[in-house]
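Please read the structure below before turning to the comments.
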Amino acid sequence: MERREILEQTREYVRNTLAGEGTGHDWYHVDRVCRLARRLAEEEKGTDLYIVELAALLHDIADWKFHDGDESVGPDRAVEWLSGLDVESDIIDRVVQIIREVSFKGAGVDHRPSTPEGRVVQDADRLDALGAIGIARAFAYGGYRSNPIHDPLQQPRMHETFEEYKRSDGTSINHFYEKLLLLTDRMNTEAAKRFAVERHRYMCDFLERFLEEWDAER
Ligand code: ADP
Ligand code: NI
């Protein structure tokens with residue numbers, strides 16, 4: 001099968017699997033990550049766009065958050081899908097490695113993907129957690145987990161291990177301090193950093209305003 005056809009069928013598969021998902025990990029999240037990843041890859045000489053595109057499409061096909069913390073379901077499902085299309089095994093290996101490396105694992109865990117393609121996809125996924133869209137997604141996911149929006153008595157926690165991060169269910173406002181505001185400094189590529197700085201500023205404005213309204217100051 002031609003690469004173009006493989007990409008098209010994979011898009012269809014992911015769209016059918018994730019359309020209408022309600023926690024911010026839906027098909028349009030994947031579609032935005034693909035577009036951002038392509039945009040970032042333009043500035044990263046030598047990244048393989050085919051690998052970037054396949055990995056971006058499949059990166060949330062079965063997230064551990066929705067499978068009892070099991071990190072192997074996503075990679076397994078991607079292998080199953082790509083083998084079914086007779087994709088070459090070295091391509092499958094590269095795509096699956098990116099899916100394993102892409103996810104945030106806690107404030108104290110620094111993990112930079114090992115390939116240029118992985119770094120681009122991770123940046124794109126993280127950009128979609130920032131800015132106006134990031135704010136919307138944080139409250140959608142917090143609502144799905146039945147987490148409180150905010151609780152002034154709860155302090156943010158800096159998770160030192162992936163296990164701690166996985167088990168945590170704090171407030172949605174604390175999620176900004178525990179994860180979202182840390183992402184800008186951890187972007188891998190210069191292009192993503194540029195996008196992130198603006199999205200970051202927008203979130204800070206939102207938080208300031210939120211806390212002022214909370215305190216009946218405006
Ligand atoms: P990652 O792979 O880094 O976890 P995802 O693409 O799976 O990234 O998406 C994570 C999304 O879910 C982000 O928009 C993030 O804000 C949101 N999210 C994850 N955990 C929480 C939480 N505890 N409270 C609110 N939002 C959360
Ligand atoms: Ni994602």
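Numbering of ligands and ligand atoms starts at 1, following listing order. Note that the coordinates shown come from a computational prediction; the quantities given were computed from them, not determined experimentally.
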Going by heavy atoms, is [X] under 4.0 Å from ligand 1?
{"X": "R126", "value": "no"}
{"X": "V102", "value": "no"}
{"X": "K65", "value": "yes"}
{"X": "E178", "value": "no"}

Query raised in the report: Of I98, L49, V52, which meets side-chain contact (heavy atoms from CB on, under 4.5 Å) against V120?
Result: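 It is V52; the other options fail the test.
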
Query raised in the report: What protein atoms of element N, O or S are positioned under 2.8 Å from the Ni ion (ligand 2)?
Result: H29 NE2, H59 NE2, D60 OD2, D125 OD1

Query raised in the report: Heavy atoms only: which of A129, A124, G24, A136 is nearest to atom 13 (C) of ligand 1?
Result: A129

Requested in this report: Could you give me the CA-CA distance, side-chain angles and deciding distance for D123 and N188, then say whether side-chain hydrogen bond (donor to acceptor under 3.5 Å, both in side chains) is met?
Outcome: CA-CA 6 Å; D123 279 0; N188 305 301; 3.0 Å; yes

Numbered atoms and elements of ligand 1 in range of [X], under 4.0 angstrom, heavy atoms:
{"X": "D63", "value": "7 (O)"}
{"X": "H29", "value": "6 (O)"}
{"X": "D60", "value": "6 (O), 7 (O)"}
{"X": "S103", "value": "1 (P), 2 (O), 4 (O)"}

Query raised in the report: Can you tell me how far the OG atom of S72 sits from the CD1 atom of I99, to the nearest 0.5 Å?
Result: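 That separation rounds to 12.5 Å.
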
Query raised in the report: Is the backbone N or O of R157 less than 3.5 Å from a side-chain atom of E178, with the two atoms forming a donor-acceptor pair by type?
Result: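 A pair under 3.5 Å: yes.
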
Requested in this report: For D151 and L153, indicate whether the former's side chain and the latter's backbone hold a donor-acceptor pair under 3.5 Å.
Outcome: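 Yes; judged by distance alone, with no hydrogens or angles, the pair exists.
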
Note the single closest protein heavy atom to [atom], along with its residue, its atom name and the distance in Å.
{"atom": "atom 14 (O) of ligand 1", "answer": "R137 NH1, 3.2 Å"}
{"atom": "atom 25 (C) of ligand 1", "answer": "A138 O, 3.2 Å"}
{"atom": "atom 8 (O) of ligand 1", "answer": "D125 OD2, 3.5 Å"}
{"atom": "atom 5 (P) of ligand 1", "answer": "H25 NE2, 3.4 Å"}
{"atom": "atom 15 (C) of ligand 1", "answer": "H175 NE2, 3.4 Å"}

Query - Candidate list D125, D128, D60, test salt bridge (Lys or Arg N to Asp or Glu O under 4.0 Å), partner R32, passing option - result: D128

Query raised in the report: After noting the C-alpha distance and the side-chain angles of T23 and E21, does the key distance pass the side-chain hydrogen bond (donor to acceptor under 3.5 Å, both in side chains) rule?
Result: CA-CA 6 Å; T23 75; E21 199 274 352; 2.7 Å; yes

Please find out if less than 6.0 Å separates the ring center of [X] from that of [Y].
{"X": "H25", "Y": "Y141", "value": "yes"}
{"X": "F210", "Y": "F176", "value": "no"}
{"X": "H29", "Y": "H59", "value": "yes"}

Query raised in the report: Stepwise, does the side-chain contact (heavy atoms from CB on, under 4.5 Å) test hold for F195 with L130?
Result: CA-CA 9 Å; F195 278 66; L130 302 184; over 6 Å; no

Report task. Answer whether the closest heavy-atom distance between the side chains of R11 and D31 falls below 4.5 Å. Result -> yes

Report task. Take E43 and T189, measure what side-chain hydrogen bond (donor to acceptor under 3.5 Å, both in side chains) needs, and give me the verdict at the end. Result -> CA-CA 9 Å; E43 293 186 33; T189 65; over 6 Å; no

**Report entry** Part of D169 with heavy atoms under 4.0 Å of ligand 1, whether side chain, backbone, both or neither
**Finding:** neither

Report task. May I ask you to check whether Y141 has an N/O atom sitting below 3.5 Å from an N/O atom of ligand 1? Result -> no

**Report entry** T115 side chain to Q97 side chain, donor-acceptor N/O pair below 3.5 angstrom
**Finding:**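 No.
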
